[in-house]
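The figures that follow rest on heavy atoms only: side chains count, while hydrogens, waters and symmetry mates do not. These numbers come from a predicted model, not from an experiment. Protein chains get the first letters and strands the later ones, always in sequence-line order, with residue 1 at the start of each.
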Amino acid sequence: MTDTVSKARFDEKFEPGQADPRWQSAWEKARTFEADSNSDKPKSFVLEMFPYPSGRIHMGHVRNYTMGDVLARYKKMRGFEVLHPMGWDAFGMPAENAAMEQGVHPGGWTRQNIEAMKAQLKRIGFALDWSRELATCEPEYYGHEQSLFIDLYEAGLVYRRQATVNWDPVDMTVLANEQVIDGKGWRSGAEVEKRKLDQWFLKITDFADDLLDGLGPLDGWPDKVRLMQENWIGKSTGLEFSFDVSNGGKLPVYSTRPDTIYGASFVAVAADHPIAQELAETDPKARAFCDDCKRGGTTAAEIEAGEKKGFQTQLTARHPFTGEALPVFIANFVLMDYGTGAVMGVPGHDQRDFEFATKYDLPILRVVAGDPADADKPFGNEAEAGDGVIVNSDMLNGMSVEDAKAKVIGRAEAEAWGNGTTVWRLRDWGVSRQRYWGTPIPFIHCDECGVVPVPKDQLPVVLPEDVDFKQPGNPLLRHSTWKHTSCPKCGADAQRETDTLDTFVDSSWYFLRFASQPSDRPFDPEEVAKWLPVEQYIGGIEHAILHLLYARFWTRALKHIGQIDFAEPFASLFTQGMVTHELYSRRDDDDGRQTYFTPAEVNRSGEAATLKTDGQPVDIGRVVKMSKSKKNVVDPDAILAEFGADSARWFMLSDSPPERDLPWSVAGIEGCHRFVQRVWRLCGAVDVDASGENKDLARKTHQTIAAVAQDIEALSFNKAVARLYELTAAAEKAAPSTSRNHAIVTLLQLVSPMIPHLAEEAWDLLAPALGHSGLIADAPWPAVDEALLVEDEVTIAIQHMGKLRDTVTAPKGADKETLEALALSSEKVQRSIDGKEIRKVIVVPDRLVNIVA
RNA sequence: GCGGGUGUGGCGGAAUGGUAGACGCCGGGGACUUAAAAUCCCCUGAUCCUAUAGAUCGUGCGAGUUCGAGUCUCGCCACCCGCACCA
């Protein structure tokens, strides 16, 4: 190093407190990360799921955005024009909760949070294009959403119908599922009722087939997510037919297992099925049962996990084949929303039916067996839902499940008492929310004209600012003037819709708005065509179904009405794991309750942990997802202040594979900080006077360039990190040479997407000595010398009966005979063979020799 | 309950069916120092052992396929995520 000033700087510690803001403002000033729509480079749209502005960035965000950031910076180095934007999923319940609890306005609270979180994100040095920032709670965003909603309405994809909500009779308000705890309202503690309201729906079921078919080609998505969506859409083919009921009526049922029709021993209908409702009017007991079913939450999990209960009516249904009279029940586990709201109960081959039949002592018949000889085999403790051969079923005996299904459907159709039909588990998307802090649904209710869309030139329908949350219920509903308006059609007095849209609507098109933000329309189709689809989308696995399915639907719906020309918004998807931390707690002696402590309140050393305030031990619990309620959270700001952005970023990428959980630890971040300083010191070892080459180090350097590129493209950051540690160690150990200088500056380029502040600082200091200029963020990815990737020698494992006995080195590409001879000449191997007859020798070139003896 | 996933040293993890434990953390030993911090070097799966050598066991549990299984197949167990008004 000829420049002694720079050399001296590397002898001092790297100071993130000074370097981080310096380079952050350098990037901002140079507009380094602003995407240029007019660029002729190939484009790359890297997107992480935008955050809800809860107030503070948490470690999960840091992890999510660091991954996207590394990819975005890497893509830029590889010559792509990168779009990497950020916005705010800014509508939602927490703002209303804050309003109720702290008396602040949801808007003020949200906007303040956005400012605070934006500042936090900037301190981490993310390569974001802030010029495209958006917040869904601003009329400049949701006004366009209203316009799109009206477009979908006019295309016939929006409709209204009655649907059930959780109603809190004390707070007089609709509750979200998470606000219902053990069937009671979270604030009032009152028993929650199911109540029907007129609500808005989107016809996602129109696209069920297309959403399903679209999954196949989405090979950039994890198989598990595609499978989850497939199961969620839940296409099934089965038989719909009607039972003749003893009261002279018909009862349509749907079954996915018509092959088991001979095993039917009862029929069950949902509590809100017309038959049940009719009965409830005359029979007080039936009514009591139906009312009982209305209590408790509306979630599928509660209904299906709960006890199977039924009420036996006096009705019977005639079996279409045997003519037997089957009892008709009202049952709490039958869903009105699926199929016809009525099922034939086959206890032997459906677990829910099995539990129900056991409870009500109904016959459990075997109609499927593993083997025809097992036709009379008794059942164990559960139903047998698997494959097998049909038994005890007259004309179906001996058939496979598949064939029997076809035969029953064929016969039903031929005899005209039933039809083979396709049924979907997917239901239409209910988007009505009886809340203030959301996008107002842009419709007007007129006594004369009915439901009328707000004319587009009157959009946006803006939320009123003057609302209070002192009373329960929807502030829009009781606002003195807001909802009163006139009908756009006839001019008569009319009322605004007071429901707002589900926030999943906001997140179903924000990626389009990032491409361009015209004020007169939701997006510019040309810009959207240029940037979309998103090359890489990154977010939590918890969004595997709802958000991702809704966004896929919305994109299809916009294509359907001709506004865009593609159906899939996200070419590749990556679902990252959570950030976890161990729990610190004490059990309270008096009431046995657990009191939790934050990691900041605890001194952690070795196996023990003590509370800072009293020095007494606390219990160390399991490692679980960071959550406010368990207090096992670490504040990113505190970490940035102590270690700087680069150490935090490096930690997020190290060790744990990105799709798995990442356990936070102080020791871990300290280790990362040491590495950052190590790279800094190593940069001081650049010596422009050095001469001579080091082939091993040069090979290692080029192998690392290739491997790290591969790892980043696969988002295997932990593997890239391991490679970079190896190159660092190799460069440290090597004597000065031109190869070493090259190794160090290459290392700097390779780590620059991960620890960009240090990389810029060192790059800048090395500039006079090495002759480069500009920002490292603008520098290209180093070139690989392919010739240097190949090793001359390889280590061959020698096994006897599959067990390792020795290793030898051999020239790469040695032939089988050479390797076999080499293996047999090994003393250790001979000792192991011990004179036994060699029956076979397996040789895997450049790998191993296995002697079977 | 249904659907999806995960399981490898003290810890996080690596490993196209081919040398299990790369890399990092923790821990132990040493160097440097008046001392400490920082830094550097060495060791670090378990058991046995005649101990620089060698042997056996070992990837949640139980079977199986294979010359060879962390990896493939079947059956279990534990934990995590989602279940339509949390985002």
Side-chain angles (χ1 to χ4, degrees), chain A residues 13 49 51-52 54 89 91-94 163 165-166 174-180 199 204 222-225 227-232 234 298-306 308 333 337 351-352 355 425-435 502-504 507 540-547 549-550 575 577-578 580 606-607 622-625 654-657 659-663 665 667-668 670-672 674-675 677-678 681 718-719 721-726 729 732 795-807 828 831 839-842 844 847-853:
Chain A
K13 282 190 131 189
M49 292 179 185
Y52 178 79
S54 57
D89 190 12
F91 275 136
M93 291 202 308
V165 294
N166 299 308
V174 175
L175 298 178
N177 285 334
E178 69 159 11
Q179 297 174 322
V180 179
Q199 305 202 59
I204 190 171
D223 288 342
K224 62 174 174 184
V225 175
L227 191 56
M228 283 159 100
Q229 291 214 351
E230 185 182 326
N231 290 333
W232 185 261
T298 55
T299 73
E302 276 179 277
I303 292 163
E304 286 170 35
K308 311 287 175 284
F333 65 93
D337 291 327
Q351 185 58 26
R352 286 168 304 184
E355 286 171 35
R425 210 185 76 96
L426 182 69
R427 308 200 298 262
D428 274 337
W429 177 13
V431 293
S432 277
R433 297 292 180 271
Q434 294 71 35
R435 290 177 219 295
D502 179 6
T503 57
F504 276 127
S507 53
I541 184 69
E542 66 272 19
H543 294 292
I545 295 175
L546 294 182
H547 162 56
L549 192 64
Y550 291 149
T575 55
M578 297 175 302
T580 59
E607 300 287 289
R622 289 190 309 150
V623 178
V624 298
K625 177 182 181 174
S654 305
D655 294 357
S656 289
E659 69 278 9
R660 290 227 213 129
D661 289 351
L662 170 68
S665 74
E670 285 171 351
C672 292
R674 278 199 294 274
F675 174 74
Q677 297 295 347
R678 227 173 116 192
R681 278 194 304 277
N718 57 320
K719 292 190 219 167
V721 162
R723 303 276 190 184
L724 291 165
Y725 274 114
E726 287 184 26
E732 282 170 341
T795 306
I796 305 292
I798 306 173
Q799 300 177 336
H800 172 214
M801 299 300 287
K803 286 193 176 186
L804 183 72
R805 293 300 170 200
D806 200 3
T807 57
K828 289 175 186 172
R831 210 186 310 148
R839 284 180 285 154
K840 202 172 170 186
V841 178
I842 288 146
V844 182
R847 277 275 179 191
L848 64 68
V849 180
N850 185 17
I851 296 156
V852 185

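- The structure places CZ of R660(A) at 12.0 Å from OG1 of T580(A), a figure rounded to the nearest 0.5 Å.
- Side-chain atoms of E542(A) stay outside donor-acceptor range of the base of C86(B), with no qualifying N/O pair under 3.5 Å.
- Taking each heavy atom of N718(A) and S654(A) in turn, the nearest pair found is CB-C, 4.3 Å.
- A donor-acceptor contact under 3.5 Å is formed by the side chain of R435(A) with the base of C85(B).
- Side-chain N/O atoms of E302(A) and base N/O atoms of C83(B) include no donor-acceptor pair closer than 3.5 Å.
- A46(B) is paired with U56(B) under the Watson-Crick or G-U wobble criterion, all donor-acceptor distances under 3.5 Å.
- Taking the side chain of M93(A) as heavy atoms from C-beta on, and the options G24(B), C86(B), G18(B), the nearest nucleotide is C86(B).
- Contact annotation: R352(A) side-chain N/O to C2(B) OP1/OP2 distance is not under 4.0 Å.
- The phosphate of C23(B) has neither OP1 nor OP2 within less than 4.0 Å of any side-chain N or O from N718(A).
- G12(B) and A63(B) have their C1' atoms separated by 31 Å, with the value rounded to a whole Å.
- In this structure, of G12(B), C81(B), C26(B), it is G12(B) that holds the atom nearest to the side chain of S656(A).
- Contact annotation: N231(A) side-chain N/O to G4(B) OP1/OP2 distance is under 4.0 Å.
- In this structure, the nucleotide among C40(B), C79(B), C67(B) sitting nearest to the side chain of R678(A) is C40(B).
- For C85(B), the OP1/OP2 oxygens have a side-chain nitrogen or oxygen of R433(A) closer than 4.0 Å.
- With A87(B), U19(B), U56(B) as the choices, the nucleotide that has an atom nearest any side-chain atom of T807(A) turns out to be U19(B).
- In terms of heavy atoms, L546(A) sits closest to F504(A) at CB-CZ, 4.0 Å.
- Counting only heavy atoms from C-beta on, A667(A) has its side chain closest to C26(B) among G4(B), G12(B), C26(B).
- Minimum heavy-atom separation, A544(A) to V225(A): O-CG1, 3.6 Å.
- Distance from the side chain of V165(A) is smallest to C85(B) among U19(B), C85(B), C79(B).
- For the pair K803(A) and G58(B), the criterion of a side-chain N or O lying under 4.0 Å from OP1 or OP2 is not met.
- Taking all atoms of both residues into account, the shortest heavy-atom contact from D806(A) to L804(A) is O-CD1, 3.6 Å.
- When both pairing distances are held under 3.5 Å, A20(B) makes no Watson-Crick or G-U pair with any nucleotide shown.
- Note on K828(A): a side-chain N or O is less than 4.0 Å away from OP1 or OP2 of G54(B).
- Comparing the C1' positions of U34(B) and C49(B) gives an interatomic distance of 45 Å, to the nearest angstrom.
- Judged by distance alone, with hydrogens and angles left aside, N850(A) brings a side-chain donor or acceptor within reach of the base of C67(B), the pair sitting under 3.5 Å.
- Between U16(B) and R847(A), no contact under 4.0 Å exists linking OP1 or OP2 to a side-chain N or O.
- Two residues are said to be in side-chain contact when any heavy atoms from C-beta on lie closer than 4.5 Å; I851(A) and R805(A) fail this criterion.
- For L848(A), the listed nucleotide lying nearest its side chain is G18(B); candidates were C85(B), G18(B), C79(B).
- Between A87(B) and T503(A), a contact under 4.0 Å exists linking OP1 or OP2 to a side-chain N or O.
- Residue M578(A) has its side chain nearest to C81(B) when only C40(B), C86(B), C81(B) are considered.
- Distance from the side chain of R660(A) is smallest to G7(B) among G12(B), C85(B), G7(B).
- Base-pair partner of G70(B): not found among the strands shown (Watson-Crick or G-U wobble, both distances under 3.5 Å).
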